[in-house]
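All remarks here apply to the structure that follows.
Note that the numbering runs from 1 along the sequence shown for the chain.
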Amino acid sequence: MTPDDGMVLSLWRGLVPLDPPGFSAMKAVTKRVYDGVLALVELDTGISREAIDGRSRYAEIVRARQYAMWLFRQRLDKWGRPVHSYPLIGAAMDLDHTTVLWGVRAHQARLDALKAQQVAA
């Protein structure tokens with residue numbers, strides 16, 4: 001019994017499939033999801049989706065792009081795990097996965113700082 005045969009041994013349930021029914025592995029970002037996220041970012045920030053999709057490095061546009069990356073990572077499956085991996089988000093946005101990782105962390109840091117500032121006030 002190896003992972004190659006698609007089964008694993010569970011101490012509680014015996015031999016079970018490696019991917020349980022309903023298991024959703026990481027999914028590619030669909031056009032519908034991509035358009036929805038960019039439309040939301042455009043609505044929230046006022047920055048056009050052409051600018052978000054572009055290569056501009058102006059701070060406001062970079063922050064909007066990072067916001068979009070963060071929103072992709074916030075999409076969760078029924079087990080609370082992210083639906084899209086960093087490489088899949090990067091492929092959809094034509095970016096390297098490390099750029100996406102950095103962008104998600106940067107946006108989360110801004111959110112955490114804003115929450116801390118609101119609690120202190």
Side-chain angles (χ1 to χ4, degrees):
M1 176 177 43
T2 65
D4 295 336
D5 63 9
M7 303 294 279
V8 294
L9 182 61
S10 167
L11 295 175
W12 297 271
R13 296 184 297 148
L15 202 56
V16 295
L18 187 58
D19 293 334
F23 176 78
S24 61
M26 294 287 177
K27 297 180 182 174
V29 178
T30 63
K31 180 163 175 39
R32 182 182 61 82
V33 169
Y34 187 77
D35 290 342
V37 166
L38 287 190
L40 179 62
V41 172
E42 184 177 13
L43 184 67
D44 284 351
T45 63
I47 297 173
S48 73
R49 50 177 308 157
E50 290 79 23
I52 296 168
D53 271 339
R55 293 284 175 205
S56 174
R57 295 183 64 180
Y58 284 110
E60 300 84 20
I61 296 172
V62 169
R63 287 188 187 112
R65 196 175 297 130
Q66 290 172 345
Y67 177 36
M69 295 173 199
W70 182 83
L71 284 174
F72 284 121
R73 277 300 280 188
Q74 297 308 301
R75 297 191 72 238
L76 305 175
D77 64 10
K78 63 183 176 181
W79 292 286
R81 298 177 301 204
V83 173
H84 307 298
S85 67
Y86 296 112
L88 292 173
I89 296 168
M93 297 184 78
D94 196 27
L95 299 168
D96 186 66
H97 73 281
T98 56
T99 303
V100 176
L101 176 65
W102 172 261
V104 170
R105 288 181 179 174
H107 185 77
Q108 187 62 51
R110 283 192 297 275
L111 288 177
D112 294 342
L114 184 61
K115 286 179 188 176
Q117 187 179 30
Q118 289 175 347
V119 168

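The distance from atom CE of Met93 to atom OG1 of Thr99, rounded to the nearest 0.5 Å, is 10.5 Å. Remark: Leu101 CG to Ser85 OG distance equals 11.5 Å, nearest 0.5 Å. Note: Leu38 CG to Ile47 CD1 = 12.0 Å, rounded to the nearest 0.5 Å. The CG atom of Leu111 sits 8.5 Å away from the OH atom of Tyr67 when rounded to the nearest 0.5 Å. Between the CZ atom in Arg65 and the OG atom in Ser56 there is a gap of 6.5 Å [rounded to 0.5 Å]. The distance from the CZ atom of Arg105 to the CD atom of Gln108 is 11.0 Å, given to the nearest 0.5 Å.
In this structure Lys31 satisfies the salt bridge (charged side-chain N to carboxylate O under 4.0 Å, His left out) test together with Asp35, sequence neighbours excluded. With sequence neighbours excluded, no residue satisfies ring-ring contact (aromatic ring centres under 6.0 Å, His included) with Tyr86. Residues that satisfy the salt bridge (charged side-chain N to carboxylate O under 4.0 Å, His left out) test with Asp112, not counting sequence neighbours, are absent from this structure.
Within the 4.5 Å cutoff, the side chain of Arg55 has heavy atoms near those of the Leu95 side chain. No side-chain heavy atom of Asp96 sits less than 4.5 Å from a side-chain heavy atom of Trp102.
Closest of all the heavy-atom pairs between Gln66 and Ala106 is OE1-CB, 3.8 Å. The minimum heavy-atom distance linking Leu40 with Leu71 is given by the pair CD2-CD1, 3.7 Å. Between Ile89 and Val29, the shortest heavy-atom contact is CA-CG2, 4.3 Å.
Within a 6.0 Å radius of CZ in Arg110, more than 12 heavy atoms belonging to other residues, nucleotides or ligands are found.
The backbone N or O of His84 sits less than 3.5 Å from a side-chain atom of Arg73, completing a donor-acceptor pair. No side-chain donor-acceptor contact under 3.5 Å links Arg63 to the backbone of Tyr58.
Residues Tyr34 and Val37 are members of one and the same hydrophobic cluster, defined by side-chain heavy-atom contacts under 4.5 angstrom among Ile, Leu, Val, Met, Phe, Trp and Tyr. With hydrophobic clusters built from ILVMFWY side chains whose heavy atoms lie under 4.5 angstrom apart, Val83 does not share a cluster with Val41. Residue Val33 is grouped with residue Met69 when hydrophobic side chains (ILVMFWY) are merged at heavy-atom distances under 4.5 angstrom, including chains of intermediate members.
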